[in-house]
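Below: one structure, written as structure tokens.
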2 protein chains.
Amino acid sequence: MRLEKSQDFTQLFSQKCAEHGLKITPQRSAVCAELMKAKDHPTADAVYKRVREKLPNISFDTVYRTLLLFTELGIISLVEGYGEQKRFEPNLHQHHHFRCVKCRKIFDFESDTYDQIAVPKEARNYGTVIHKRVVLEGVCARCRRT
Amino acid sequence: MRLEKSQDFTQLFSQKCAEHGLKITPQRSAVCAELMKAKDHPTADAVYKRVREKLPNISFDTVYRTLLLFTELGIISLVEGYGEQKRFEPNLHQHHHFRCVKCRKIFDFESDTYDQIAVPKEARNYGTVIHKRVVLEGVCARCRRT
DNA sequence: TACTATATAGTAATCATTCTTATTTGTCAA
DNA sequence: TTGACAAATAAGAATGATTACTATATAGTA
Ligand SMILES: [Mn+2]
Ligand SMILES: [Mn+2]
Ligand SMILES: [Zn+2]
Ligand SMILES: [Zn+2]
């Protein structure tokens, strides 16, 4: 039985909180709910704006801390960038990215071929590989048109 | 005839400056010289400290602006990071990275196999791919020991 | 050499991120 | 159900990287 993505997320959240003795607060639940819905790779500020629709009194600090906490717990992760604002990755499934160099949007795609690429000896000598990710950079269809 | 890497760099620098009508100043030359020597992926501050050995009066601002200028001109590029300080990439040759999640060092390696991986249709639909890069993340040999 | 657009140094402003502190709240044992 | 208390929050200040400003200096050119 494959869990729904949303159940997946909420479960992971509760489980990780329990594991680490962390409290389940309305703020954390709200951030979790927003991440669950997110189809993009939002900045902390973007998440803050979205969560405020539900919890108008939540502070930016709490959202930010919560995002870092979730990253720490492995509920989400960080997307590689170029020294700009942090962008968060709510998509837990192994996947790869197409990045538009103009509008900076990041598109997800999955590829068994990419997942299975062998690690060259030269790289293996550097250390133990935990994640493999392919980054494709270019100009997205929308930006190409303009 | 294959150019030496250093000639490569200096030539590219002069050529790009000429192309864009930019002046060749001692500051720019010094930054260029440091980048040429760099074996790592230095931050702006690291470059600043190194250049000051040669030009004690150079300002951080000038170094920073010069690094951004060089990036713009394609003499160097930026390394993908996680919302920390910008790190610059003086290695122009097509290559890939092993990143240590503990010490944050970034190791270069080359791989024809990686260079030639095909772009999946799903990714092609997003836009035109310009660069392909594989990012391997893990724990480097040194950090594994401790 | 003299001219002029460009570049620089020094410094201030901005913006993301992190820290501090007083107050509030979730959890749990009684 | 209640009270104690560790943990979490809001608000705002501090930090640190990045960017903008401006008076002065200089590379390139005739
Ligand atoms: Mn993604
Ligand atoms: Mn590199
Ligand atoms: Zn785009
Ligand atoms: Zn390491």
Side-chain angles (χ1 to χ4, degrees), chain A residues 10 13-34 41-49 51-73 75-88 104, chain B residues 10 13-34 41-49 51-73 75-88 104:
Chain A
T10 311
F13 166 56
S14 323
Q15 179 206 316
K16 289 287 183 179
C17 284
E19 263 178 34
H20 295 262
L22 298 166
K23 293 175 179 169
I24 293 177
T25 65
Q27 290 88 344
R28 284 176 181 166
S29 298
V31 170
C32 188
E34 278 308 326
H41 300 82
T43 61
D45 199 59
V47 176
Y48 174 53
K49 288 198 174 78
V51 172
R52 275 224 299 202
E53 305 279 314
K54 296 290 171 57
L55 291 183
N57 289 319
I58 196 170
S59 71
F60 176 78
D61 185 70
T62 294
V63 173
Y64 198 90
R65 255 185 303 100
T66 302
L67 289 169
L68 294 185
L69 175 70
F70 285 2
T71 304
E72 196 71 24
L73 297 178
I75 297 175
I76 56 174
S77 65
L78 276 167
V79 181
E80 65 280 357
Y82 295 100
E84 296 149 344
Q85 281 170 281
K86 284 189 177 67
R87 294 180 66 171
F88 297 89
R104 309 254 135 172
Chain B
T10 311
F13 166 56
S14 322
Q15 178 205 316
K16 289 286 184 182
C17 284
E19 262 178 36
H20 295 262
L22 299 166
K23 293 177 179 171
I24 294 178
T25 64
Q27 289 88 345
R28 283 177 182 166
S29 298
V31 170
C32 188
E34 276 311 324
H41 300 82
T43 61
D45 200 58
V47 176
Y48 174 55
K49 287 198 175 75
V51 171
R52 276 224 298 203
E53 305 281 312
K54 297 291 171 57
L55 291 183
N57 289 319
I58 195 170
S59 70
F60 175 79
D61 184 72
T62 294
V63 172
Y64 198 89
R65 253 185 306 100
T66 302
L67 289 169
L68 293 184
L69 176 69
F70 285 3
T71 304
E72 195 72 23
L73 298 178
I75 297 173
I76 57 176
S77 65
L78 277 166
V79 181
E80 65 279 359
Y82 295 100
E84 295 152 344
Q85 280 170 279
K86 284 188 177 68
R87 293 181 66 170
F88 296 89
R104 309 256 134 171

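In what follows, chains carry the letters A, B, and so on, assigned in the order in which the sequence lines appear, proteins first and then strands, with residues in each chain numbered from 1.
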Provide the closest heavy-atom pair for S29(A) versus F13(A) in the form atom of the first, atom of the second, distance.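 Here S29(A) and F13(A) meet closest at OG-CE2, 3.8 Å.
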Base, sugar-phosphate, or nothing: which does L68(A) touch, judged by heavy atoms less than 4.0 Å apart? sugar-phosphate
Taking the axis from the first five pairs and the axis from the last five, what angle separates them in the helix from dT1(C)-dA30(D) to dA30(C)-dT1(D), rounded to 10 degrees?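 The end-segment axes of the helix from dT1(C)-dA30(D) to dA30(C)-dT1(D) are tilted 40° relative to each other.
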For E34(A), all residues meeting side chain to side chain donor-acceptor pair (under 3.5 Å), sequence neighbours excluded: K37(A)
Can you list everything that forms a side chain to side chain donor-acceptor pair (under 3.5 Å) with E19(B)? Sequence neighbours excluded, please.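 E19(B) satisfies side chain to side chain donor-acceptor pair (under 3.5 Å) with Q15(B) only.
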I need the [atom1]-[atom2] distance between [X] and [N], as an integer number of Å.
X	N	atom1	atom2	result
L22(B)	dT4(C)	CG	P	21 Å
R28(A)	dA7(D)	CZ	P	11 Å
F70(A)	dA8(D)	CZ	P	11 Å
L55(B)	dT26(D)	CG	C1'	14 Å
I24(B)	dT29(D)	CD1	C1'	14 Å
Y82(A)	dA16(C)	OH	C1'	20 Å
Y48(B)	dT19(D)	OH	P	17 Å
L69(A)	dT18(C)	CG	C1'	15 Å

For a 4.5 angstrom cut-off between non-hydrogen side-chain atoms, does [X] reach [Y]?
X	Y	result
F88(A)	H41(A)	no
L69(A)	R28(A)	yes
T62(A)	T25(A)	no

State the CG-CG distance between L68(B) and L78(B), to the nearest 0.5 angstrom.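 These two atoms lie 7.5 Å from each other.
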Can you tell me how far the OG atom of S59(B) sits from the CZ atom of R65(B), to the nearest 0.5 Å?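 Result: 6.5 Å between the selected atoms.
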Using modelled atom types and a 3.5 Å cut-off, is there a donor and acceptor pairing between side-chain atoms of R87(A) and backbone atoms of V79(A)? no
Could you list the protein-to-nucleotides 9-13 of chain C atom pairs, N/O on both sides, closer than 3.5 Å?
{"unit_1": "dA9(C)", "atom_1": "OP1", "unit_2": "Q27(B)", "atom_2": "NE2", "d": "3.3"}
{"unit_1": "dA9(C)", "atom_1": "OP1", "unit_2": "N57(B)", "atom_2": "O", "d": "3.4"}
{"unit_1": "dA9(C)", "atom_1": "OP2", "unit_2": "S59(B)", "atom_2": "N", "d": "3.2"}
{"unit_1": "dA9(C)", "atom_1": "OP2", "unit_2": "S59(B)", "atom_2": "OG", "d": "3.2"}
{"unit_1": "dA9(C)", "atom_1": "OP2", "unit_2": "T62(B)", "atom_2": "OG1", "d": "2.4"}
{"unit_1": "dG10(C)", "atom_1": "O6", "unit_2": "D61(B)", "atom_2": "OD2", "d": "3.4"}

Among dT6(C), dT17(C), dG26(C), which nucleotide sits nearest the side chain of K23(B)?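 The answer is dT6(C), which lies nearest to the side chain.
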Let's see if you can work this out: which of dT18(C), dT8(C), dA16(C) has an atom nearest to the side-chain heavy atoms of Q85(A)?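 So the nucleotide nearest the side chain must be dA16(C).
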Measure centre to centre between the rings of Y64(A) and Y48(A), then say whether the value is under 6.0 Å. no
Counting just side-chain N and O atoms, does Y64(A) come under 4.0 Å of either OP1 or OP2 of dT18(C)?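 Y64(A) to dT18(C) OP1/OP2: side-chain N or O found under 4.0 Å.
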If the cut-off is 4.0 Å, is T25(A) near the phosphate of dT9(D), judged by side-chain N/O to OP1 or OP2?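 Indeed, a polar side-chain atom of T25(A) lies that close.
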State whether the distance check finds a donor on one side and an acceptor on the other, under 3.5 Å, for side chain K86(B) versus base dA17(D).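 Under the 3.5 Å cut-off, the side chain and the base do not form any donor-acceptor pair.
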Could you go over nucleotides 22-24 of chain C and give all protein N or O partners under 3.5 Å, atom names and distances?
none

Using salt bridge (charged side-chain N to carboxylate O under 4.0 Å, His left out) as the criterion, list what pairs up with R104(A), not counting sequence neighbours.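 Residues passing salt bridge (charged side-chain N to carboxylate O under 4.0 Å, His left out) with R104(A): E84(A).
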Pick out which of I76(B), T66(B), L67(B) makes a side chain to side chain contact (heavy atoms under 4.5 Å, CB included) with V47(B). L67(B)
